[in-house]
Amino acid sequence: MLIAAHRKFGPAGLDLTVFAKPAMEPEDAALDGTVLTAKTDAMRDRLAQMGTPDHVDLAEFDAVVFVAMSISVFTGLRIAQAHHVEGWPGRGNAPLAELSSAAYRTSLTALAQDSLPGRMATALQGQINAPIFIVPQPCPAEGILTMPRRFPLFARLANDGNGPALLADLRAGLEAAFAGVHLLHQPEDTIAHGFLTRQRFSRGAVRLNVDASLPPDDFVHANAGYGRVVLERITPQIS
């Protein structure tokens, strides 16, 4: 997303150092003060392929951006799938246990705080002068609704009209977890059905650091067009 956007649309003079790997796990990297270090062979191998050293001092950068790796619509749906969350408009046909809005949001906040971005962003506050940005995982692509047998929970969420309520609770959890840093919620004009990403911002997404397209049934990743939207929100805030 951001890598593809930087290649296609990035302004001249903007350098991007990518410290990431597909399916990155918390054990892949560790923060010691302001130095971020790769901790697994898989992480070191991926960084070498991208020309990134296995450790970087984040205090030397003009901005630090954490992309995804925290709570998402998938997280919210996983918690809520066996419950009716207080305040959600639809109840469906199946009897579900009640879950208070406060408890739901508290669970989301706790998971976000314990995520890799949550722990690292907290540790970096006051340690670096550069702004810290959190870019949450984009909503799943709206094409996910074309496969109700494969993704029945998303079909139910849409049919019950609860998608927008889930996204609102998700955003509240993120805001509570990431107070003090720049949290970039997904822009409304990129959202369809109140909780999914519009097709034009997901179609043609590519793999990390390569130009190979993801399969047509990938509903997780956003494309360079969405990455451009994010970059345009970040660059004006970089000194």
query = Do F133 and Q237 have side chains that get closer than 4.5 Å, going by heavy atoms?
reply = yes

task = Identify the two heavy atoms, one from A63 and one from A130, that lie closest to each other, and give their separation to 0.1 Å.
result = N-CB, 3.7 Å

key: Partner residues of T146 under the side chain to side chain donor-acceptor pair (under 3.5 Å) criterion, sequence neighbours left out   = none

message = Assigning hydrophobic clusters by single linkage (Ile, Leu, Val, Met, Phe, Trp, Tyr; side-chain heavy-atom cutoff under 4.5 Å), is L58 placed with V35?
response = no

Could you give the side-chain donor-acceptor pairs of residues 8-28 under 3.5 Å, partners two or more places apart or in another chain?
residue, atom, partner, partner atom, Å
D28, OD1, T40, OG1, 2.8
D28, OD2, E25, N, 2.7

inquiry  = I'd like to check the side-chain contact (heavy atoms from CB on, under 4.5 Å) partners of H84; sequence neighbours left out, ordered by chain and number.
reply    = W88, R91, L96, E98

message = Tell me if the CZ atom of R200 is crowded by more than 12 foreign heavy atoms within 6.0 Å.
response = no

note = dist H6:NE2 -> T235:OG1 (nearest 0.5 Å) comes out at 10.5 Å

key: Euclidean distance, S70 OG relative to R119 CZ, rounded to 0.5 Å   = 10.5 Å

message = Applying side chain to side chain contact (heavy atoms under 4.5 Å, CB included) to N162 and V85, what does each step give before you reach the verdict?
response = CA-CA 9 Å; N162 289 328; V85 181; over 6 Å; no

inquiry  = For a quick test of reading the model, state the closest non-hydrogen atom pair linking A29 to L36 and the distance between them.
reply    = CB-CD1, 4.0 Å

request  = Heavy atoms only: give me the nearest A5-G227 pair and the separation to one decimal.
outcome  = CB-C, 3.3 Å

task = Examine V230 and L214 and state if one hydrophobic cluster contains both, with Ile, Leu, Val, Met, Phe, Trp and Tyr joined whenever side-chain heavy atoms are less than 4.5 Å apart.
result = no

ask   = What's the shortest heavy-atom distance between F178 and S115, and which atoms?
value = CZ-OG, 4.4 Å

Exercise: identify the closest heavy-atom pair between I144 and P140 = CD1-CB, 4.3 Å

query = About how many Å separate CG of D54 and CZ of R46, when rounded to the nearest 0.5 Å?
reply = 15.5 Å

Any L174 side-chain heavy atom under 4.5 Å of I71 side chain = yes

query = Taking the side chain as C-beta and beyond, is there a heavy-atom pair between M1 and H221 under 4.5 Å?
reply = no

Residues D169, R105: salt bridge by 4.0 Å N-O rule = yes

request  = Taking ring-ring contact (aromatic ring centres under 6.0 Å, His included) as the test, write out the residues that go with Y226, two or more places apart.
outcome  = none

ask   = Can you find a heavy atom in the side chain of I234 that is under 4.5 Å from one in the side chain of P131?
value = no

note = When rounded to the nearest 0.5 Å, the distance separating NE2 of H185 from CG of L167 is 8.5 Å

Any T75 side-chain heavy atom under 4.5 Å of L111 side chain = yes

request  = Calculate, to the nearest 0.5 Å, the distance between atoms CD and OG1 belonging to Q125 and T122 respectively.
outcome  = 5.5 Å

key: Within-4.5 Å side-chain heavy-atom neighbours: I132 and H182   = no

message = Between E232 and R228, does any NZ, NE, NH1 or NH2 come within less than 4.0 Å of an OD or OE carboxylate oxygen?
response = yes

ask   = Between N223 and R203, is there a donor-acceptor pair closer than 3.5 Å when you use the side chain of the first and the backbone of the second?
value = yes

inquiry  = Assess the residue pair V229 and F201 against the criterion (side chain to side chain contact (heavy atoms under 4.5 Å, CB included)); give the C-alpha distance rounded to whole Å, side-chain angles, the decisive distance to 0.1 Å, and a yes or no.
reply    = CA-CA 10 Å; V229 172; F201 293 104; 4.0 Å; yes

ask   = With distance as the sole test, does E142 use its side chain to make a donor-acceptor pair with the main-chain N or O of A192 at under 3.5 Å?
value = no

Close aromatic pair by centroid cut-off 6.0 Å: F151 and F219 = yes

Residues in ring-ring contact (aromatic ring centres under 6.0 Å, His included) contact with F61, at least two apart in sequence or another chain = none

request  = State, yes or no, whether a side-chain contact exists between I191 and T197 at a heavy-atom distance under 4.5 Å.
outcome  = no

key: Partners meeting side chain to side chain donor-acceptor pair (under 3.5 Å) with T190 (sequence neighbours left out)   = Q186

Working for side chain to side chain contact (heavy atoms under 4.5 Å, CB included), residues L183 and R171 = CA-CA 10 Å; L183 174 62; R171 287 178 167 179; over 6 Å; no

Residue pair L166, V73: steps toward the side chain to side chain contact (heavy atoms under 4.5 Å, CB included) verdict = CA-CA 7 Å; L166 184 154; V73 169; 4.1 Å; yes

request  = Looking only at non-hydrogen atoms, find the nearest pair between V206 and A4 and report the distance.
outcome  = CG2-CB, 4.0 Å

task = Take the angle between the ring planes of F74 and F154 and call it parallel below 30°, perpendicular above 60°, tilted in between.
result = perpendicular

ask   = Below 4.5 Å, heavy atoms only, C-beta onward: do E86 and L99 meet side chain to side chain?
value = no

query = Is a side-chain donor-acceptor pair under 3.5 Å present for D57 with T34?
reply = yes

inquiry  = With a sphere of 6.0 Å drawn around CG of D189, does it hold more than 12 non-hydrogen atoms of other residues, nucleotides or ligands?
reply    = yes

query = Got a second to check how far T109's OG1 is from D114's CG, nearest 0.5 Å?
reply = 12.5 Å

